[in-house]
Structures are given as structure tokens and as C-alpha cells.
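For reference, the structure is listed below as C-alpha cells.
Remember, predicted model here, so these are calculated numbers, not experimental data. Along the sequence shown, residues carry numbers from 1.
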Amino acid sequence: MEFPYLRRLHKIAFIGNFLPRRCGIATFTTDLVRAIKNQAKEINCAVLAMNDIPGGYNYPEEVCFEIYQKNLSDYRLAADFLNMNQMDVVCLQHEYGIFGGESGSYIIELLQNLRMPIVSTLHTIIREPQPLQKTVLQRICSLSDKVVVMSYKAQEILQEVYAVPAEKIVFIPHGIPDVTFIDPNYYKDQFGAEGKKVILTFGLISPGKGIEYMINALPEIVKKHPDTVYIILGATHPHVQREQGESYRLFLQRLAREKKVDKHIIFHNRFVELSELCEFLGAADIYVTPYLNREQIVSGTLAYALGAGKATISSPYWYAEEMLAENRGRLVPFRDSRALAEQVIDLLDNETERHLMRKRAYNFCRNMIWKEVGRQYLATFDAVIENRMKSPRAIFQTKTMDSLPPEIPELNIDHLLRLSDDIGILQHAKFIIPDRSHGYSTDDNARALIAVLLANKYFTDDPRLTDLACRYLSLLDHSFNQETGRFRNFLGYDRRWREINGSDDSHGRAVMALGATIALAEINNIAAMALNLFNRAVYSTVEFTSPRAWAFTLISIDYYLKKFPGASEMRRLQETLAKKLYGLYLQNAGPDWQWIENILTYDNGCIPQALISAGQWLKT
């Protein structure tokens with residue numbers, strides 16, 4: 001089946017938390033990205049992950065950039081990164097607490113600098129917000145082409161409280177895994193609950209989950225159904241653990257002993273993968289969410305439970321009221337252990353009603369499976385791109401000029417201009433006369449490109465330097481052989497290439513020049529062109545054997561990371577190449593010979609430069 005959006009969608013960026021960070025937003029973003037990749041494998045999905053700790057997490061390959069939430073400059077760099085990579089659309093996962101600044105205001109700095117369409121998924125919408133909370137969310141909605149909500153209540157509040165136009169709001173349900181409707185007894189023996197009635201609560205544990213009210217309800221339940229076991233599945237929320245340790249979990253365990261129901265409770269203190277979570281859900285007869293916050297606008301755990309066909313009892317927070325309507329579950333008042341006990345006992349007593357409730361929930365959720373949700377997001381992305389094409393937004397660029405340091409003499413580029421023609425810079429000269437007999441080399445044009453970029457940065461905004469940079473970069477682009485993924489090096493004055501591939505070192509030097517262009521170019525179009533070519537060429541050097549090619553590439557990565565320090569993939573490549581260079585040092589160095597080779601050749605300074613720069617990034 002062919003989808004029309006595949007003609008326009010090639011690169012999608014997602015901003016939010018991502019596994020292995022442990023939180024609901026991370027799980028949602030990860031599941032959404034994988035759902036979209038499963039629907040359209042040809043689309044490139046790139047994730048910009050929010051970090052709540054400076055070191056970040058051991059992310060998978062989908063994560064291409066990391067933002068430390070407390071560092072405002074990271075948000076500006078992330079915007080540059082997305083613009084230069086020419087993403088088709090950006091999908092933001094918004095939750096106040098995952099962004100820096102008061103009320104998560106730092107995210108505005110990123111969004112307002114983007115050039116492509118934005119689709120924002122709103123995970124929290126407050127009916128009575130603080131003034132800054134309201135301002136931040138209104139600004140996000142204003143900058144977004146569409147905002148996605150996961151409940152009709154959220155749609156209503158956005159219009160009434162935040163004055164968001166109805167036509168800007170898209171309802172897409174919370175995604176769920178596609179599991180079969182099975183008898184709970186199928187999985188019970190895996191959890192030591194064979195022959196028992198299983199009640200389940202799962203998710204990251206924190207005081208707002210109200211689990212103590214379910215524990216208080218348990219004595220009445222086990223009096224009527226002594227074969228009942230209550231499974232509490234989930235690790236303590238990382239933020240709660242950092243601030244309070246395991247005090248809430250220890251409180252729950254003490255309460256269970258006080259109520260003499262500790263033999264009927266199983267704590268699984270861990271964050272489980274999706275496949276194991278589905279098995280826990282499969283084993284449950286009843287799912288309970290006794291949450292305490294009425295304004296909870298969405299709950300992934302509730303969506304997952306209903307999608308697995310669980311008989312569900314919940315406190316009446318907004319999402320639960322919507323999802324459990326029409327007898328798809330039962331609601332009890334907040335903080336009411338007696339009502340919880342009554343409803344659990346009634347469902348355990350009435351197997352037929354429990355089964356019918358399960359079927360109603362399961363059938364209702366069939367349009368919520370991730371496959372369908374992924375398609376709805378793709379259709380939304382396509383729609384905003386089409387609308388932008390019809391009504392593009394104006395983009396205004398401003399530029400500041402660096403001052404000329406007084407101790408540096410006036411720049412004279414006469415010889416550079418003399419050596420350069422409309423192709424690039426010639427390799428050689430006889431005195432001040434260009435020598436055409438040797439033609440051009442990618443090597444020399446890479447050197448010249450770095451030279452004019454540095455001159456433009458430290459001397460003056462001379463339009464002739466920009467023109468030269470464009471010519472040199474154009475030759476690098478022309479020298480790249482699409483069939484081999486390598487740069488050619490020698491180009492005759494007759495404009496014929498002298499080889500299919502150049503040397504490893506010339507390839508590495510071209511990559512170094514591209515990294516420098518990404519970092520130094522003050523015109524975004526030049527930097528974007530370099531970034532596109534850089535992404536196609538930088539990985540080839542891993543397979544080379546030349547230490548100088550590795551060194552040039554490490555220097556290029558140093559440039560790149562100075563522009564985009566959150567680029568995880570580049571840091572991984574940096575570590576790989578640095579280990580290769582260090583491995584040569586271990587092979588060849590001795591007490592009287594501190595070097596990576598058993599000979600000295602040329603351009604040796606690039607190797608210690610590369611290792612020093614890599615060591616500074618890798619903290620080794």
C-alpha cells in the first residue's frame with residue numbers, strides 16, 4: 001500500500017526524552033519513532049534527546065543530538081543543527097518538566113529559530129495554569145503548525161483556556177502495543193501467581209500514584225478473596241529517587257505489613273521492557289490506577305492496560321473518565337479505599353461482567369495500536385508540509401561582524417585571488433604566476449577553504465572571501481565520487497579527473513575542511529551544503545588504514561562538536577577513531593620512541609592535535 005506522504009517526507013526530527021532514560025515521555029517518544037519507522041522504512045527519523053543529567057544516557061543510534069535541559073545554549077545549537085540538516089518536520093514532545101527554565105521556557109528558544117514545520121504533542125495541559133505556564137504553552141502552540149492532543153478533554157481546555165484555534169488541534173490517541181486478547185491464566189505461572197486472582201498497578205513509582213489507597217483496600221479484598229495477589233510493577237521515578245530516595249516505596253512496604261497483607265503484595269522494583277510488560281499485563285485480572293491528580297490529561301499506563309483488554313478500576317482523573325466511559329471500566333472517588341475494595345470485590349465475584357468489560361475495552365482500543373497512530377502522525381506531518389509549501393513563513397537573518405584585533409596586520413588576499421579561477425585554487429605557481437600544468441587538487445582546495453573561512457572570521461566580512469569559499473566547496477562537492485563514496489584528488493586543467501579515488505589522506509583532509517566549514521561559515525547555506533557532504537563522507541575513514549586520515553577526521557569532528565556538542569553519533573565516531581590512533585601508539589611506541597609509527601613522514605602535527613582534541617571531548 002502506497003501512502004501519499006512518502007513523496008514529501010524524508011527526514012523527521014523528534015524532540016523529547018528517549019529510552020534508556022526512564023520516564024513516560026521517553027517510552028512514548030521511543031514507541032512513536034519505531035511506529036513511524038515500521039510504517040515507512042525509507043524515512044529518516046532523528047531524535048534530539050533531552051538530558052536531565054550532564055552525562056546523558058547510553059542512547060541507541062536513533063539519537064543524533066543531546067540537549068542538557070539546563071543549558072540554554074544547547075537549545076540554540078539544536079535549532080542550528082536541525083536547520084542545517086534541512087529536516088522536513090520537527091515533532092516536539094511537550095511536558096513542562098523535561099525542559100529547562102521556569103515552566104520549561106527554554107524550549108521556546110529552540111522552536112522560534114526553526115525554519116521547518118513543527119508538530120507538538122502536548123502531554124500536560126493544565127486548566128488553571130500559573131501565568132508563566134500559560135504563556136509558555138500558548139507560545140508553543142503559536143509556533144507550532146499543529147498541536148496533537150490525546151483526549152477530547154485536552155482539546156476543550158486548549159480552546160477555552162489557551163485560546164488555541166480548533167483548526168490547529170489534531171486528536172491522535174495515545175499509542176498502544178498490538179497484543180492478543182488472552183486469558184490471564186496463560187501468563188500467571190511465570191510470576192508465581194498460578195491459581196491466584198491478580199491485581200496490577202504498573203509505571204514509575206511516585207507519591208502521586210496513590211498506591212497506598214489500594215494497599216489500604218487490600219485487607220477487605222483478601223477477606224473475601226484470599227487467593228488475591230497485588231503486583232506493583234515499576235522502579236521509583238528517577239527524579240523522586242534523586243530527591244527522596246526510596247522513602248515512598250519503603251512507606252508502602254511498611255503499610256503492607258501494618259495491614260497484614262504483605263503476603264499478598266509483590267513489588268517488582270524495576271523498569272521492564274515492552275515484551276515483559278505485556279506479559280505482566282497479560283497475567284492481570286484487574287488493573288488499578290488510583291492516581292491522585294484530577295488534571296492528568298493522559299496516561300500511557302491506562303492506555304496500555306485497556307489495549308491489553310484489562311478490567312480496569314481508576315480514580316476519576318480526566319483521561320480515565322474519558323477512556324472508561326460506556327462501561328469500559330469503573331471509576332471510584334479519589335483517596336477512597338473502601339470504594340476501591342467494593343469495586344474490586346464486585347468484579348472478582350462477577351466473572352461474566354469482568355469478561356465483558358475486558359472485551360469492550362479491547363475493542364475500543366483497536367484504533368490506538370501504534371501502527372494506526374504512526375499513520376495518523378505521518379498524515380499530520382504531510383499536511384503541515386503541504387500547508388507550508390502553499391503559505392511559506394518569512395525568515396529574516398541577522399549577522400554580526402567580528403572586530404579586527406589591532407595586533408593582526410591588514411589581510412592581503414591578492415595571491416589567493418590570483419591562484420584561484422572559476423574551478424578552484426590551482427596546485428602550484430611559478431613565483432607569483434599560476435602554473436596550470438598541474439591542475440587542481442582536492443587537498444589544496446580543502447586547505448584553501450579552511451584558510452578563507454578563518455580569514456573571514458578573524459579579519460573582515462569580505463565578500464571576495466565568501467565567493468572563494470563557495471568555489472572551493474564546489475570543487476570538493478564535484479570531487480566526491482557518488483559510486484565509491486570517496487573523494488577524488490587530482491583534476492587536470494582540462495577538467496578531467498586523473499583517478500577514481502584519491503588517497504586516504506586527501507579524503508581525510510576534505511572531511512576536515514567540511515567540519516571546519518560547518519563550524520566557521522557565517523552563511524547558513526554554505527554550512528548546510530558542507531554538512532550534507534560531511535554526512536556522506538565522514539564515516540568512510542573508519543575503514544582506512546592511514547593514521548593521518550583518521551587524524552584529519554578527528555579534527556573535523558572537533559570542529560563539528562564545537563558547533564553541535566550534543567551530537568551523539570559524532571562522539572561515538574570520535575571515540576572509535578581515537579582508539580585506532582591510540583592502538584597504533586601502543587604498537588609502535590617505546591621508551592626512546594614516543595610515536596605512532598616506526599618512521600617519521602609528513603604532516604605529523606595533525607596527529608597529536610587530533611588526540612588532544614579527542615581527549616578533551618572524551619575526558620580521557
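Here the side chains of V47 and T30 are not in contact, with every heavy-atom distance at 4.5 Å or above. In this structure the side chain of M570 reaches within 4.5 angstrom of the side chain of V538, judged on heavy atoms. Two residues are said to be in side-chain contact when any heavy atoms from C-beta on lie closer than 4.5 Å; V164 and Q138 fail this criterion. The shortest side-chain heavy-atom distance between S144 and C141 does not fall under the 4.5 Å cut-off. I25 places a side-chain heavy atom less than 4.5 Å from the side chain of H123. With a 4.5 Å cut-off on side-chain heavy atoms, E522 and N456 count as touching. Residues L531 and L514 fail the side-chain proximity criterion, which asks for heavy atoms closer than 4.5 Å. Residues M50 and R21 form a side-chain contact, since some pair of their non-hydrogen atoms from C-beta on lies under 4.5 Å apart.
Shown here is K371, whose NZ atom has no more than 12 heavy atoms of other residues, nucleotides or ligands within 6.0 Å. Summarising the local packing, CD of Q594 is surrounded by more than 12 heavy atoms from other residues, nucleotides or ligands at distances under 6.0 Å. Within a 6.0 Å sphere centred on CD of Q482, heavy atoms belonging to other residues, nucleotides or ligands number more than 12. When the shell of 6.0 Å around CD1 of I500 is examined, it contains 12 or fewer heavy atoms from other residues, nucleotides or ligands.
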Item to check | Candidate pair E499 and R488, rule salt bridge (charged side-chain N to carboxylate O under 4.0 Å, His left out), full reasoning | outcome: CA-CA 6 Å; E499 76 267 283; R488 291 165 286 215; over 6 Å; no
Checklist entry - Going through the checks in order, is the salt bridge (charged side-chain N to carboxylate O under 4.0 Å, His left out) test met by E66 and R571? => result CA-CA 11 Å; E66 297 172 41; R571 293 212 300 269; 3.3 Å; yes
Item to check | Worked verdict on R375 versus E372 for salt bridge (charged side-chain N to carboxylate O under 4.0 Å, His left out) | outcome: CA-CA 5 Å; R375 288 178 177 176; E372 299 299 325; 3.8 Å; yes
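Inspection of the Y57 and D52 side chains reveals an N or O donor paired with an N or O acceptor under 3.5 Å. Side-chain polar atoms of S503 and S506 form a donor-acceptor pair below 3.5 angstrom. Between the side chains of Y440 and S479, not a single donor N or O lies within less than 3.5 Å of an accepting N or O. Looking only at atom types and distance, the side chain of N38 has no donor-acceptor partner in the side chain of R34 under 3.5 Å away. Neither side chain, T517 nor Y559, offers a donor N or O lying under 3.5 Å from an acceptor on the other. No side-chain N or O of D467 forms a donor-acceptor pair with one of Y472 less than 3.5 Å apart. A side-chain donor-acceptor contact under 3.5 Å links N535 and N85. For the residue pair D558 and W617, a side-chain donor N or O sits within less than 3.5 Å of a side-chain acceptor on the partner.
Salt bridge absent: R76 and D80 never bring a charged side-chain N and a carboxylate O closer than 4.0 Å. Under a 4.0 Å N-O distance rule, the pair R471/D421 does not qualify as a salt bridge. D414 and R418 are not joined by a salt bridge, as no carboxylate oxygen comes within less than 4.0 angstrom of a charged side-chain nitrogen. A salt bridge is defined here as a Lys NZ or Arg NE, NH1 or NH2 lying under 4.0 Å from an Asp or Glu carboxylate O, and D477 with R536 meets this definition. E597 and R548 are joined by a salt bridge, as a carboxylate oxygen and a charged side-chain nitrogen come within less than 4.0 angstrom of each other. Ion pairing between R509 and D443 holds under the 4.0 Å rule for side-chain N and carboxylate O. Taking the charged nitrogens against the carboxylate oxygens, K37 and E62 do have a contact shorter than 4.0 Å, which makes a salt bridge.
Scanning all heavy atoms of the two residues, the minimum distance from T442 to A510 falls at CG2-CB, 4.0 Å. Among all heavy-atom pairs drawn from G374 and A35, the shortest one is CA-CB, 4.4 Å. Here the closest heavy-atom approach between residue V373 and residue G175 is recorded as CG2-CA, 3.8 Å. Looking at every heavy atom in both residues, T545 comes nearest to D504 through N-OD2, 3.8 Å. Across L554 and S613, no two heavy atoms sit closer than the pair O-OG, 4.3 Å.
Using bins of under 30°, 30° to 60° and over 60° for the plane-to-plane angle, the ring pair Y96/H94 lands in the perpendicular bin. Relative orientation of the H478 and W497 rings is tilted, given thresholds of 30° and 60° on the angle between their planes. Using bins of under 30°, 30° to 60° and over 60° for the plane-to-plane angle, the ring pair F534/Y560 lands in the parallel bin.
The aromatic ring centroids of W550 and Y582 lie 6.0 Å or more from each other. The aromatic ring centres of Y106 and F99 sit 6.0 Å or more apart.
Checking each of F552, F544, Y539 against H507 for a ring-ring contact (aromatic ring centres under 6.0 Å, His included) leaves exactly one that passes, namely F544. Among H438, Q427, R436, the one residue that satisfies the side chain to side chain donor-acceptor pair (under 3.5 Å) test with Y493 is R436. F65 pairs in a side chain to side chain contact (heavy atoms under 4.5 Å, CB included) with only one of the listed residues (L48, L82, I15, D74), which is L48.
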